[in-house]
Amino acid sequence: MKKWLLVGAVGIVLYVIFSSKQVELGAGVYAPEEPKQELINAATPFQHKGFKVKPLAEFDITAKVIRREDYRYDQGAAISPMDLALGWGRMSEEAVLKHINFSQSGRWYRYRYQSAPIPQKEIETHSANMHMIPAESWIQDDLEGISAGQVVRIRGKLVEVSKDDGWKWRSSLRRDDTGDGACELVYVENVEIILD
């Protein structure tokens, strides 16, 4: 019995160590630029994994990964298996992020703090929860290699996805919105780790 308790305890410790991998880069703003976005007019929808995908805007972001959450069982998981909470500007600075507690669940990104290290509005406008739609299987593999703390560049399109049964999921096209509908839905055509 003691042997199995020891094996279980070791398993739990290893799970905690490897499932909470956090990259630390040190002082500095690692993603100073705002995300780039260009609206697409009269885009032609296309099929992807049984969904209709309508491009809304070209999108290019370099940001620090604040958190990552994988999804398998919700309605969107078949097309978007992962969310990345991303920060840019001072929200890519570890000296700021260490004063904020972050969480992700149910496709939401949440944060709380005792004393705001930067103005609340700046936290809202320089971080976002983004739903990742890998365009290819190799892009999904690359996304699965991403860890919190890394700086990544993601290029693709902000999109709306729908199904024949009427289900619809639409990306936000703004960085200053909050709450329901404020997340970006990103059809990822290229991803690279800039710093890790």
- Message: Which residues pass the side chain to side chain donor-acceptor pair (under 3.5 Å) test with Ser105, not counting sequence neighbours?
- Response: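 In terms of side chain to side chain donor-acceptor pair (under 3.5 Å), with neighbours along the sequence ignored, Ser105 is linked to Arg110.
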Assess whether a salt bridge exists between [X] and [Y], defined as any Lys/Arg side-chain N lying under 4.0 Å from an Asp/Glu carboxylate O.
X      : Y      : result
Lys64  : Glu93  : no
Arg90  : Glu122 : yes
Arg174 : Asp176 : yes

Where is the tightest heavy-atom contact between [X] and [Y], given as atom of each residue plus distance?
X      : Y      : answer
Asp180 : Trp108 : N-CH2, 3.4 Å
Ala182 : Ser172 : O-CB, 3.3 Å
Ser92  : Gly87  : CB-O, 3.6 Å
Ala63  : Leu86  : CB-CB, 3.8 Å
Pro55  : Thr44  : CD-O, 3.8 Å
Trp88  : Thr62  : CB-O, 4.1 Å

- Donor-acceptor pair, Ser171 side chain versus Leu158 backbone, under 3.5 Å? no
Under a 4.5 Å cut-off applied to non-hydrogen side-chain atoms, are [X] and [Y] in contact?
X      : Y      : result
Ser80  : Tyr71  : no
Ile100 : Pro117 : yes
Val186 : Leu84  : no
Ile146 : Val191 : yes

- Query: Which residues pass the ring pair (Phe, Tyr, Trp, His ring centres under 6.0 Å) test with Tyr30, sequence neighbours left out?
  - Reply: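 So Tyr30 forms no ring pair (Phe, Tyr, Trp, His ring centres under 6.0 Å) with any residue.
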- Item | Test ring pair (Phe, Tyr, Trp, His ring centres under 6.0 Å) applied to His48 - qualifying residues, sequence neighbours left out | Tyr187
Flag yes if [X] and [Y] sit in one hydrophobic cluster, no otherwise; membership is Ile, Leu, Val, Met, Phe, Trp, Tyr, and two members link when side-chain heavy atoms are under 4.5 Å apart.
X      : Y      : answer
Ile79  : Met132 : no
Leu56  : Phe51  : no
Leu185 : Leu173 : no
Val29  : Val65  : no
Phe59  : Ile40  : no

How about [atom1] on [X], more than 12 heavy atoms from neighbouring residues, nucleotides or ligands closer than 6.0 Å, or not?
X      : atom1 : value
Glu38  : CD    : no
Glu33  : CD    : no
Gln114 : CD    : no

- Gln120 and Tyr113: side chain donor to acceptor below 3.5 Å: yes
- Task: Just do the side chain to side chain contact (heavy atoms under 4.5 Å, CB included) check on Val53 and Ile133 with the steps written out, would you?
- Result: CA-CA 10 Å; Val53 179; Ile133 300 175; 5.7 Å; no
Nearest 0.5 Å, please: how far is [atom2] in [Y] from [atom1] in [X]?
X      : Y      : atom1 : atom2 : value
Ile66  : Met91  : CD1   : CE    : 4.0 Å
Leu97  : Ile118 : CG    : CD1   : 8.0 Å
Asp142 : Glu136 : CG    : CD    : 11.5 Å
Lys36  : Asp60  : NZ    : CG    : 5.5 Å
Gln150 : Ile193 : CD    : CD1   : 4.0 Å

- Residue pairs, two or more places apart or on separate chains, that pass salt bridge (Lys or Arg N to Asp or Glu O under 4.0 Å) and touch residues 70-85: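 Listed by first then second residue: Arg68-Asp70, Asp74-Arg107, Asp83-Arg107.
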- Pairs satisfying salt bridge (Lys or Arg N to Asp or Glu O under 4.0 Å), at least one member in residues 39-59, at least two apart: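 Listed once each, the pairs are Glu58-Lys157.
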- Task: Report the C-alpha distance between Tyr109 and Ser127 in whole Å, list the side-chain angles of each, state the deciding distance to 0.1 Å, and finish with yes or no for side-chain hydrogen bond (donor to acceptor under 3.5 Å, both in side chains).
- Result: CA-CA 10 Å; Tyr109 152 65; Ser127 67; 3.0 Å; yes
- Item | Residue pairs involving residues 130-150 (criterion ring-ring contact (aromatic ring centres under 6.0 Å, His included); sequence neighbours excluded) |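 Found His131-Trp169.
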- Query: Among His126, Glu124, Gln37, which residue meets the side-chain hydrogen bond (donor to acceptor under 3.5 Å, both in side chains) test with Arg175?
  - Reply: Gln37
